[in-house]
There are 2 protein chains.
Amino acid sequence: MKAYKIPEATVMRLSIYSRYLHQLIDDGVKSVSSDEIAHGVGVSSAQVRKDLAYFGEFGTRGVGYKVEVLYGHLMKILGLDRRWCAIIIGAGKLGSALALYQGFAARGFNVGAILDASPDKIGTKLGEIEVEPLEMMAQRIEEKNITIGIVTVPASAAQEVTDKLIESGVKAILNFSPRVLKVPGNVILRNVDLSVNLEVLSFNLNYLK
Amino acid sequence: MKAYKIPEATVMRLSIYSRYLHQLIDDGVKSVSSDEIAHGVGVSSAQVRKDLAYFGEFGTRGVGYKVEVLYGHLMKILGLDRRWCAIIIGAGKLGSALALYQGFAARGFNVGAILDASPDKIGTKLGEIEVEPLEMMAQRIEEKNITIGIVTVPASAAQEVTDKLIESGVKAILNFSPRVLKVPGNVILRNVDLSVNLEVLSFNLNYLK
DNA sequence: TAATCATTGCTCAATGTTTCACAAAAGATT
DNA sequence: AATCTTTTGTGAAACATTGAGCAATGATTA
Ligand SMILES: NC(=O)c1ccc[n+]([C@@H]2O[C@H](COP(=O)([O-])OP(=O)(O)OC[C@H]3O[C@@H](n4cnc5c(N)ncnc54)[C@H](O)[C@@H]3O)[C@@H](O)[C@H]2O)c1
Ligand SMILES: NC(=O)c1ccc[n+]([C@@H]2O[C@H](COP(=O)([O-])OP(=O)(O)OC[C@H]3O[C@@H](n4cnc5c(N)ncnc54)[C@H](O)[C@@H]3O)[C@@H](O)[C@H]2O)c1
């Protein structure tokens, strides 16, 4: 429990900064200024410095930041200095795409189990992992120390599945269904609502001209 | 070209209100108060009224809103009283999932074309539509009146593909690649960054306790 | 027709976020 | 050792969003 409330926008930008720094490391760059980061990710340099200032002083005045040092701090701040295990519920089109995506593992996220209600899906393989029945939820969460639940079932099943995940001990939910979910205050919920994203585009296309 | 700047958060909520109202219509509900909407989607009633107030007066004091009337206004505000045509670039795991998703058509979005660079993908079918080579981009955008480009190629190809989309006349981009894209000021860009979403979860899991 | 009721729409206050601008600090130069 | 240059870190100002409270007002009831 920390003193400060960190704006969510700040956290999202930290994630993007960290990815940019990773690129710089790959490119062999040793040092970087807030202004270069700002240009690289499309924000202002003051914003970069303010975001970092929530967590400490990581740079050297007149010089900038050591890329690897700052990257290390950001990964630690983001909780990416460890591995997290997630469970995917719903092995449909979207759930499968997520399960097979390599990019998550590269950032410290493992998929520990994939569950589905349909006999058509149960027993099929997605990469290394076999789709299992819903009944395995509690056991898999327990034994694999799963903290994150990813919900990719139809909207009609989303709340029910979410309740079960929370009951089974999951602490955070990433919801892809177009449904407003109710979760207790101690569970972290994020919604990735693709329709909303498209509709923001159509609003802007419509409104701005 | 309107007087006001509408907060993006407001637009996203309007999309969610409209979906909730759609449910109410299905359930045969005729009238609704800001307080009921607020409970239904998890915001405050003041927020609901404030969001609507940007666009006019849609309710009756002492009574509430007529569900169908308000729904109609929201759909119009969101630009969903017409159809939009989109093109998907990258027929991989994510692009395929999006292409096959029925929910977009239900809200007025058609997928007019799906392109890929790989010979393995070109010629395969995703539902009704055949995956075509990148060279078809300009022609398809022109002839199908496509305004929205959906980018689901690897990060390394994302900027290049985006440049081509804009050159071919697309006015809005929905980017799923983990890359900060540069677009001209008259093009609308939204990023759906799934890794960032997971990392916000890990930050909160890590930080809040 | 007047009184009552419920709920909107709006004003103003509070809170939160971004930008500005500059003093402070560290390395480079003379 | 003094001066110059650069870029951080930050307090204050500007801007944006959310929340609280209530006057206005249409519908309902008496
Ligand atoms: N595919 C997309 O591009 C896309 C876009 C936007 C939103 N979404 C949302 O994501 C979710 C998944 O979409 P999809 O396209 O993968 O759908 P899908 O139909 O391909 O997959 C859904 C899967 O969930 C399983 N399922 C159904 N009820 C279940 C239950 N109670 N418990 C466990 N599994 C259950 C089904 O067997 C199926 O395998 C939906 O809510 C959808 O609205 C998807
Ligand atoms: N799948 C996921 O769950 C997921 C999650 C987060 C982010 N993403 C991002 O979404 C994007 C797509 O992911 P995916 O899992 O579908 O990858 P994928 O490898 O399955 O698909 C990528 C497709 O793009 C095609 N492609 C490559 N270069 C191209 C080019 N220049 N022009 C046209 N097509 C080209 C490839 O042939 C392939 O079919 C990536 O940027 C990825 O980082 C995906």
Side-chain angles (χ1 to χ4, degrees), chain A residues 2-17 20-21 24 29-74 77 200 203-204 207, chain B residues 2-17 20-21 24 29-74 77 200 203-204 207:
Chain A
K2 298 292 171 55
Y4 270 129
K5 156 92 175 36
I6 309 295
E8 179 168 302
T10 291
V11 180
M12 295 178 69
R13 284 190 298 265
L14 292 179
S15 168
I16 291 168
Y17 303 158
Y20 177 73
L21 293 172
L24 293 184
V29 178
K30 294 293 177 204
S31 177
V32 69
S33 70
S34 60
D35 201 51
E36 287 168 308
I37 297 173
H39 275 94
V41 308
V43 302
S44 73
S45 67
Q47 181 83 82
V48 172
R49 294 196 299 276
K50 251 295 163 16
D51 286 338
L52 297 177
Y54 282 106
F55 301 95
E57 303 189 4
F58 306 120
T60 307
R61 296 174 187 218
V63 176
Y65 304 88
K66 285 192 188 169
V67 175
E68 281 172 34
V69 173
L70 183 56
Y71 178 76
H73 281 295
L74 288 184
I77 289 166
V200 173
F203 170 85
N204 283 296
Y207 187 79
Chain B
K2 298 295 170 55
Y4 269 127
K5 156 95 174 33
I6 310 294
E8 179 169 302
T10 290
V11 179
M12 295 177 68
R13 284 189 298 265
L14 292 178
S15 168
I16 291 167
Y17 302 159
Y20 178 72
L21 292 173
L24 293 184
V29 177
K30 294 295 176 203
S31 176
V32 70
S33 69
S34 60
D35 201 50
E36 287 169 308
I37 297 173
H39 275 94
V41 307
V43 302
S44 74
S45 67
Q47 182 83 80
V48 172
R49 294 196 299 276
K50 198 38 105 40
D51 287 336
L52 297 176
Y54 283 106
F55 301 95
E57 304 189 4
F58 305 119
T60 307
R61 295 177 188 214
V63 177
Y65 305 87
K66 285 191 189 170
V67 175
E68 281 172 32
V69 172
L70 183 56
Y71 179 75
H73 281 295
L74 288 184
I77 290 165
V200 173
F203 171 84
N204 283 296
Y207 186 79

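All values below were derived from every heavy atom in this structure, side-chain atoms included, with hydrogens, water molecules and symmetry-related copies excluded.
Atom CZ in F55(A) sits about 15 Å away from atom C1' in dG9(D), given to the nearest Å. The distance between atom OH of Y54(B) and atom P of dT17(D), rounded to the nearest whole Å, is 6 Å. Rounded to an integer number of Å, the gap from CZ of F58(B) to P of dG26(D) is 17 Å. Between the NZ atom of K66(B) and the C1' atom of dT8(C) there is a distance of 15 Å, rounded to whole Å. Look at CD on E8(B): it is 15 Å from C1' on dT17(C), rounded to the nearest Å. In this structure, the CD1 atom of I37(B) is 12 Å from the C1' atom of dT8(C), given to the nearest Å. If you measure from atom CD of E36(A) to atom C1' of dT6(D), you get 12 Å, rounded to the nearest angstrom. Going from atom CG of L52(B) over to atom C1' of dT7(C) covers 13 Å, rounded to whole Å.
In the set dT17(D), dT8(C), dT19(C), the nucleotide with an atom closest to the side chain of P7(B) is dT17(D). Candidate nucleotides dT8(C), dT8(D), dA12(D) were compared by shortest atom distance to the side chain of K50(A), and dA12(D) ranks first. Nearest to the side chain of E57(A), among dT18(D), dG9(D), dT8(D), sits dG9(D).
Rounded to the nearest 0.5 angstrom, S44(B) OG and R49(B) CZ are separated by 8.0 Å. Here OG1 of T10(B) is found 8.5 Å from NZ of K5(B). Values are rounded to the nearest 0.5 Å. The distance from the NE2 atom of H39(A) to the OG atom of S34(A) is 10.5 Å, given to the nearest 0.5 Å. Q47(B) contributes atom CD, which lies 4.5 Å from atom CG of D51(B) (distance to the nearest 0.5 angstrom).
Taking every heavy atom of both residues into account, F203(B) and I6(A) meet most closely at CZ-CG1, 4.0 Å.
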Exercise. Kindly determine whether V43(B) and I37(B) satisfy side chain to side chain contact (heavy atoms under 4.5 Å, CB included), including the steps that lead there.
Key: CA-CA 8 Å; V43(B) 302; I37(B) 297 173; over 6 Å; no
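Residue T60(B) places none of its side-chain N or O atoms closer than 4.0 Å to OP1 or OP2 of dT8(C). Taking 4.0 angstrom as the limit, Y65(A) places a side-chain polar atom (N or O) nearer than this to OP1 or OP2 of dG9(D). Contact annotation: S34(A) does not reach the phosphate of dT7(D) (side-chain N/O to OP1 or OP2, under 4.0 Å). Between Q47(A) and dT17(C), a side-chain N or O to OP1/OP2 separation shorter than 4.0 Å is absent.
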What nitrogen or oxygen pairs link the protein and nucleotides 22-24 of chain D at under 3.5 Å?
| residue | atom | partner | partner atom | Å |
| --- | --- | --- | --- | --- |
| dA24(D) | N3 | R61(B) | NH1 | 3.0 |

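The only member of F55(B), Y65(B), F58(B) that meets ring pair (Phe, Tyr, Trp, His ring centres under 6.0 Å) when paired with H73(B) is F58(B).
Map A46(A) and S45(B) each onto its nearest nucleotide of DNA chain C; the residue landing nearer the 5' end is S45(B).
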